[in-house]
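For ligands, and for the atoms within them, numbers begin at 1 and follow the listed sequence. Being a predicted model, the structure only gives us computed values, none of them experimental. In this chain, numbering begins with 1 at the start of the sequence shown.
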Amino acid sequence: MSTIAVVGAQWGDEGKGKVTDFLARDADIVVRYQGGNNAGHTVVADGQEFKLHLIPSGILYPEKMCLIGNGVVLDPEVFIREIDGLASRGINVDNLRISPRAHVIMPYHRKQDACDEESRGAKKIGTTGRGIGPAYADKISRTGIRMADLVDSESFKDSLKTALEAKNNLLKGVYGAEGSDFDEVYGTYSRFGERLSGFVADVSIILNEAIREGRNVLFEGAQGTLLDIDHGTYPYVTSSSPAAAGASLGSGVGPTRINKVIGVAKAYITRVGEGPFPTELNDGTGEKLRQRGHEFGTTTGRPRRCGWYDTVIARYAARINGLDYLAITKLDVMTGLERIKICTAYSYKGETLTEFPPTLKVLAGCEPVYEEMPGWTGDLTPARSFGDLPVNAQKYLNRISELSGVPVALIGVGPGREQTMVLNNLY
Ligand code: GDP
Ligand code: IMO
Ligand code: MG
């Protein structure tokens, strides 16, 4: 029996969807534990591409159970669109369940997200605009609407009345924006509730029973460690806990029940949205990585900022998440670079920092300290074992693993499910 958390070890988009889909072959259940449709997880199986935003990346296996935990914020409209899209492609969505404790993203959350961003001006976060931050803020303020409310028309009416009054006051009074009409929102969302009621089930009970029976469970993180509300580059973060500890809180499974944590990291690093990024490449190499790696957001289509692999970040992610293994993705994208740099430390005002700093002020002033290695040529996408890789690619992997302090379990050499090599078995 194995219960494995798959977490982003960088700023998101590391390839968590691909890794989760790959590991899901041997799992019984896949559960999303935080985030919402700010996530975009791409899975390529049998040449078909699927872009998943809310649905766990185990959905392509018809017999696996896929769960959405209490820690997720769920936009019902997006969820319905996603299941209908999958069903129209012949994917079975019957084994999908949503926690009654998951909070609902309402239309006013999206409006508030836009207004908040506009009011931040030059200090905007560069959110995905999906209403994520406001939905989590309402959860913490104890004014949120949960799935259990949405599917119970009386309870929904009551909680929507209170919430909408406060939101309209904020949107109209503070932002001068348009408010929402109660009857309209109630009508549309109570229909969503009717449609979703069959999906609601106690995810914590399902998971704990399965674990007791010795089944394999995957906890699929969204975003990444540096976007974590506590451990990320605050305030340029998301509003949830992508770190491994979030898997426990966001699914209702005690931390003692999670056996392994695998951190997904690209062989380089990317970031979407604003905020400091020490190894960012604003040059031809960065552009090469962006074009060759198709580094454009799955959710918003924005170009991703690209940079060299950063082992200060990797060691930080190893510590925060208690990483057992790394899954290194997109090694194929680095083919053809003459020289490759690895960031080993930061230089800050003449001092060498080996630990990731807690403040943006320091991070923004950090210059990366690099070690250089020769690159390699040749197409890596057909490689299926470590020995198939060019010697310099092998040396690069060994070096980043050594400097990150974490062994590598999986290597990605292409987006396809089969373009994955296993160095250490996780089950
Ligand atoms: P996630 O949000 O962490 O699931 O990552 P995304 O799906 O947003 O972005 C990762 C992108 O890289 C997707 O388009 C994947 O299909 C693709 N990808 C994943 N692993 C590999 C790999 O090893 N090589 C290549 N070339 N592409 C990969
Ligand atoms: P996956 O799961 C990369 C970023 C946004 C922005 C910040 C806050 O695909 O890795 P939010 O809308 O969450 O309030 O935005 O977080 N962000 C992501 N970046 N991958 C993601 O998800 C992201 N989800 C949010 O770009 O900088
Ligand atoms: Mg993504």
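The A222 neighbourhood of ligand 2 comprises atoms 2 (O), with distances under 4.0 Å to a heavy atom of that residue. Near H41, meaning under 4.0 Å from any of its heavy atoms, are these atoms of ligand 1: 1 (P), 2 (O), 4 (O), 7 (O).
Relative ring orientation between Y396 and W376 is described as tilted, the plane-to-plane angle lying within the 30° to 60° band. Ring pair F156/Y189 is tilted by interplanar angle, where 30° to 60° counts as tilted.
Looking at ligand 2, you'll find an N or O of G40 within less than 3.5 Å of one of its N or O atoms. Ligand 2 has an N or O atom lying under 3.5 Å from an N or O atom of K16, backbone or side chain. Some N or O of E14 is nearer than 3.5 Å to an N or O of ligand 1, by distance alone. No N or O atom of L331 sits closer than 3.5 Å to an N or O atom of ligand 1. Among the atoms of N38, some N or O lies under 3.5 angstrom from an N or O of ligand 2. Not one N or O of R130 is nearer than 3.5 Å to an N or O of ligand 2, by distance alone. The N/O atoms of T128, backbone and side chain alike, include one that comes under 3.5 Å of an N/O atom in ligand 2. For D113, no nitrogen or oxygen atom sits less than 3.5 Å from a nitrogen or oxygen atom of ligand 2, counting backbone and side chain alike. Close N/O approach between V272 and ligand 2 is found [any backbone or side-chain N/O within under 3.5 Å].
Closest to atom 8 (C) of ligand 2, if we only count protein heavy atoms, is V237 O, 3.3 Å. What sits closest to atom 22 (O) of ligand 2 on the protein, heavy atoms only, is Q223 NE2, 3.4 Å. Looking from atom 13 (O) of ligand 2 to the surrounding protein, the closest heavy atom is T238 OG1, 2.6 Å. The protein non-hydrogen atom at the shortest distance from atom 18 (C) of ligand 2 is L227 CD1, 3.6 Å. Counting protein heavy atoms only, atom 20 (N) of ligand 2 is closest to D13 OD1, 3.1 Å.
Taking a 4.0 Å cut-off on heavy atoms, G126 registers as neighbouring ligand 2. Assignment of A39 to the shell around ligand 1 is not supported, since no heavy atom sits closer than 4.0 Å. Taking 4.0 Å as the cut-off, W11 counts as a neighbour of ligand 2 on heavy-atom distance. Taking 4.0 Å as the cut-off, R417 does not count as a neighbour of ligand 1 on heavy-atom distance. The shortest separation from a heavy atom of R302 to ligand 2 is under 4.0 Å, placing the residue in contact.
Both the sub-6.0 Å distance and the 45° axial angle are not jointly satisfied by R110 relative to the ring of Y108. R89 forms a cation-pi arrangement with F50, by the criterion of a distance under 6.0 Å to the ring centre and an angle within 45° of the ring axis. Figure legend: cation-pi geometry between K64 and Y61, with NZ or CZ positioned under 6.0 Å from the six-membered ring centre and within 45° of its axis.
If you look at K18 next to ligand 1, the close heavy atoms, those under 4.0 Å, all belong to the side chain. Neither the backbone nor the side chain of R271 has any atom closer than 4.0 Å to an atom of ligand 2 (non-hydrogen atoms only). Contacts with ligand 1 closer than 4.0 Å are made by no heavy atom of M334, backbone or side chain. Both the backbone and the side chain of D13 come within 4.0 Å of ligand 1, judged by heavy-atom distances. With a heavy-atom cut-off of 4.0 Å, V413 touches ligand 1 through its backbone alone.
Within the set K51, Q223, M421, K330, the minimum heavy-atom distance to atom 11 (C) of ligand 1 is found for K330. In this comparison of G15, G414, G412, the heavy atom closest to atom 21 (C) of ligand 1 sits on G414.
With a cut-off of 2.8 Å, the Mg ion (ligand 3) has no N, O or S atom of A222 in range.
To the nearest 0.5 Å, the span separating CD1 on I411 from CD on Q394 amounts to 8.5 Å. Taking CG of D75 as the start and NE2 of H103 as the end, the distance is 15.0 Å to the nearest 0.5 Å.
With P56 as the fixed residue, the side chain to side chain contact (heavy atoms under 4.5 Å, CB included) test singles out one of L96, L218, L67: L96.
Between the side chain of Y33 and the backbone N or O of P242 there is at least one donor-acceptor pair closer than 3.5 Å.
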